[in-house]
Amino acid sequence: MTASHPLDSGVLAPAPFSPHLGVAAASDPVWRNRFASLGDRFYTRLQAQPLPDPIWVSRNRALARELGLEEPWFASQLALDAFTGNVRLPGSDPLASVYSGPQFGQWAGQLGDGRALLLGEIETPVGGIELQLKGAGRTPYSRMGDGRAVLRSSIREYLCSEAMHGLGIPTTRALCITASDAPVRREEIETAAVVTRTAPSFIRFGHFEHFSYTDPPPELKARADFVIDSFYAECRAAADPYAALLQAVSERTAHLMAAWQAAGFCHGVMNTDNMSILGLTLDYGPFQFLDAFVPGHICNHSDSEGRYAYNRQPNMAYWNLFCLGQALLPLIGDQERALAALESYKTVFPAALQTRMRAKLGLPDAHPEDQALIEDTFKLLARNRVDYPIFWRRLCAFTPQSGHDPVRDLFFDRQSFDAWALRYSERITPVNRSIRADLMLRTNPKYVLRNHLGEQAIRAAKLKDFSSVESLLQVLQAPFDAHTDHDELAGFPPDWAAGIEISCSS
Ligand code: AMP
Ligand code: MG
C-alpha cells in the first residue's frame, strides 16, 4: 500500500455526511497509484466533495468479480461512501489531472478533470486498474462547471460503457453508480450522481497536448516514457520509441473507429480530451447507437455543424491523431517521421472495418468482391433508412430463395433489396450455413442501448425505481444472447424516440 498520503494513518478521512471510521480490512483493495508518482505538474491532489445521504443506483457485480473485489466489501456502507466521495479509502491518493486541447476544432487551452477524481490504481487479477469518480465535485480544472454529474447522464455512461464491453469494443468500464437528492442545475434542476469508472489508464491525447507549447519540457518526455513503459513496452525497442508510440496509438484508434462504425455507434464529442491513449472509448456524453441507418446522423444536439456526425468519425479520429503527433513532435524531432507514423491509420482502419463487416455478413473468408458488397450494403441501408440493429439481427436467419423474408420487410424499395439479396445469396452459397449463422449471431447483437431504452430507465430511476437499469445492464453485458424474457428491449424504437435531444449538458 502507498503510505505517502498525509491522511494515511489506517483511519479513514472524516466524512461530513456519512461518518464511518474503520481500519483497512483484508478484503480492501491494494493500491499502487503509478500516475501519482509522475509529479505534481501533472495533477492536483484533492479530496472529493461529499454528497448527502447517498444510495446505490446500481453495482456492477460482474466487473467487481473481475477486479477481485469481494462482494461483502463491495456491498458495504464503506464502499457506498467511498464511491460517492464521502470517505477516502486507505491507500488511495485522490487527484485531478490536467490536460489541454481544442474543443470542436478551436484551441481551448487548459482543460482537465473538472469533475473527475482519480482515486488511484488498484492491483487486480487483470493488472493495475485505475478507479475514477465522475461527478465528485469541483477541482482546480472545473472552469465554470460545478464539478457534478446528474443521474441522467451517469446512467447513460454506466450502461453504455458496459454495453460497449459486451459488444467487445474497447472501453473504459463502470463499476457502480451512487446517487443523492442534492440538486444540480442544468437546463432544469436535476439531482447528483457519481459513477465510478475503471480503466488501465485514463490518459488522453490532451494530456500530451498540455505540455506541447513550450520547448521539449521534461514533463512531455516523462509522460511519454510512462505510457510506453506501462502500456506500450514493445515501442521501447524501436529506433524512435516516440514515433513508434504515435504509430501504435494511431493503429489502436483505427481499430476503435472500425468497431464504432460497424456497431453504428456515434460518440458525439470526439475532442482530443475525450480520446484515450489506449484506444478505449472514453467519456460517454451525448452518444447514440443508430436506429435508422442515416450516415450523416448527428447525435449531439450541441454539434450544430455536424463535426462529429457518424460518417465523419474516422476522419475526426485522424484529425485528433494529427494533434497528438503535433504534441509529440518535440520528442520525435522530425516532422516527416511523425507524419510517417500516422500513415498506417489509412490502411489499418479500412482493413479493420472490412473484417468487422464481413463478420456481420457471415463471411469467414475474404473475397476480392467483398469491399464492393459492403459498400453497396451501406448504400442500400442508407437509401431505405433501414433500422440498423434489426437489419443485422434479422440477416442472421436469412436463407437464399426463402419465400417470405423478414429482412425484405425492412425495405420500401423491394426491387433494390431483391437485387442485393441475390448477390448476397451467391456470395454465401459456398459458406457453411452453421459457420455463417454462428459468426453472425456472435457479431450482430440482439440488444443495443438505443436512446429510448436509456431514457425509459432514466425516467424510472428519477422516481427511485432502478429495476430497468438493472435489467438493461444484464442484457447489454451479454447482448448476443437471446434473453427471451426481455424481447421487448429488442424491438423498433417508438415514434417518440426521434424527439429525444441529447446535448453536451450532463
Ligand atoms: P467533455 O464534455 O467531457 O468534453 O468536457 C470538457 C471539459 O469540461 C473537461 O475538462 C471536463 O472536465 C469539463 N467539464 C464538463 N462538465 C463539467 C462540470 N459539470 N463541472 C466541471 N467541469 C466540467
Ligand atoms: Mg471529457
Side-chain angles (χ1 to χ4, degrees), residues 42-44 46 48-49 51 85 94-118 130 132-158 160-161 164 171-172 174 179-180 182-195 197 199 201-210 256 266-278 280-288 298-305 307-308 313 316-317 319-320 323-324 502-506:
F42 297 83
Y43 55 77
T44 303
L46 78 165
Q49 286 166 4
L51 282 168
L95 59 89
S97 74
V98 61
Y99 47 82
S100 296
Q103 299 277 284
F104 289 85
Q106 304 296 321
W107 181 252
Q110 183 187 296
L111 304 165
D113 294 330
R115 54 175 168 171
L117 192 69
L118 180 65
E130 290 184 345
Q132 194 187 63
L133 304 184
K134 183 168 179 178
R138 286 184 57 82
T139 78
Y141 315 112
S142 297
R143 300 183 298 162
M144 308 300 283
D146 56 11
R148 291 299 179 196
V150 295
L151 180 63
R152 162 179 58 85
S153 63
S154 303
I155 288 174
R156 282 171 53 84
E157 166 134 19
Y158 179 78
C160 197
S161 35
M164 294 298 261
T171 179
T172 62
S180 160
V184 178
R185 182 181 292 277
R186 294 294 179 261
E187 277 81 5
E188 52 191 55
I189 301 290
E190 302 189 44
T191 56
V194 178
V195 181
R197 309 195 286 192
S201 170
F202 287 93
I203 294 182
R204 303 145 189 267
F205 291 10
H207 278 111
F208 287 90
E209 289 171 284
H210 184 68
L256 182 68
C266 312
H267 181 282
V269 206
M270 288 176 64
N271 297 323
T272 51
D273 62 300
N274 292 337
M275 297 291 292
S276 152
I277 205 72
L278 300 183
L280 308 173
T281 313
L282 171 65
D283 276 10
Y284 292 87
F287 69 83
Q288 186 182 3
I298 305 162
C299 65
N300 180 354
H301 197 64
S302 318
D303 181 12
S304 49
E305 306 282 309
R307 180 179 172 86
Y308 299 128
Q313 297 186 125
M316 295 322 304
W319 194 93
N320 290 339
C323 295
L324 179 65
I502 311 282
S503 69
C504 280
S505 161
S506 59

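Please read all numbers here as calculations on a predicted model, not as lab measurements. Read the numbers this way: they start at 1 and go in the same order the structure lists the ligands and their atoms.
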What do we get for M144 next to ligand 1 when only non-hydrogen atoms under 4.0 Å count, side chain, backbone, both or neither?
neither
Measure from the Mg ion (ligand 2) to each N, O or S atom of D283 and report whether any distance is below 2.8 Å.
yes
Is it true that some N/O/S atom of N274, main chain or side chain, lies under 2.8 Å from the Mg ion (ligand 2)?
yes
Rounding to 0.5 Å, atoms CZ (R197) and CG (L118) come to a distance of 10.5 Å
Interatomic distance, Q103 atom CD to N271 atom CG [nearest 0.5 angstrom]:
4.5 Å
Starting from atom 5 (O) of ligand 1, locate the nearest protein heavy atom and write down its residue, its atom name and how far away it is, to 0.1 Å.
D273 OD2, 4.2 Å
For atom 21 (C) of ligand 1, the closest protein heavy atom turns out to be G114 O, 3.2 Å
Answer yes if a protein heavy atom lies under 4.0 Å from atom 2 (O) of ligand 1, otherwise answer no.
no
Which residue is it: R115, R185, R186? I am looking for the one with a salt bridge (Lys or Arg N to Asp or Glu O under 4.0 Å) to D146.
R186
Under a 4.5 Å cut-off applied to non-hydrogen side-chain atoms, are L282 and M275 in contact?
no
If you measure only the distance, is there a donor-acceptor pair under 3.5 Å linking the side chains of D113 and S97?
yes
Which atoms from ligand 1 have a heavy atom of L111 less than 4.0 Å away?
10 (O)
Where the closest heavy atom to atom 10 (O) of ligand 1 is concerned, which of G145, G112, S100, G268 has it?
G112
One finds that the ligand 1 atoms under 4.0 Å from a non-hydrogen atom of D283 are 3 (O)
Interatomic distance, CG@D283 vs CZ@F202, rounded to 0.5 Å, equals 9.0 Å
Walk me through whether Y308 and F104 qualify under ring-ring contact (aromatic ring centres under 6.0 Å, His included).
CA-CA 9 Å; Y308 299 128; F104 289 85; 5.3 Å; yes
of all protein heavy atoms, closest to atom 19 (N) of ligand 1 is D146 OD1, 3.1 Å
CZ (R143) and CZ (R138) are apart, to the nearest 0.5 Å, by 11.0 Å
What is the closest protein heavy atom to atom 7 (C) of ligand 1, and at what distance does it sit?
R143 NH2, 3.4 Å
Roughly how far, to the nearest 0.5 Å, is OG1 of T272 from NE2 of H207?
11.0 Å
Starting from atom 4 (O) of ligand 1, which protein heavy atom do you reach first, and at what distance in Å?
N274 ND2, 3.1 Å
Heavy-atom distances under 4.0 Å are what count here, so tell me which part of Y141 touches ligand 1: side chain, backbone, both or neither.
neither
the protein heavy atom lying closest to atom 20 (N) of ligand 1 turns out to be G147 N, 2.8 Å
Does the Lys NZ or Arg CZ of R156 fall within the cation-pi geometry relative to Y284 - under 6.0 Å from the ring centre and within 45° of the axis?
no
For the atom pair CG (L278) and CG (L256), what is the distance rounded to the nearest 0.5 Å?
11.0 Å
When distances are taken from atom 16 (N) of ligand 1, the protein heavy atom at minimum range is R115 NE, 3.3 Å
Can you confirm, on distance only, whether ligand 1 has an N/O atom lying under 3.5 Å from any N/O atom belonging to V269?
no
Enumerated ligand 1 atoms positioned under 4.0 Å from heavy atoms of Y99:
9 (C), 10 (O), 12 (O)
Run the contact test for R186 against ligand 1 with a 4.0 Å cut-off on heavy atoms, strictly below, and give the result.
yes
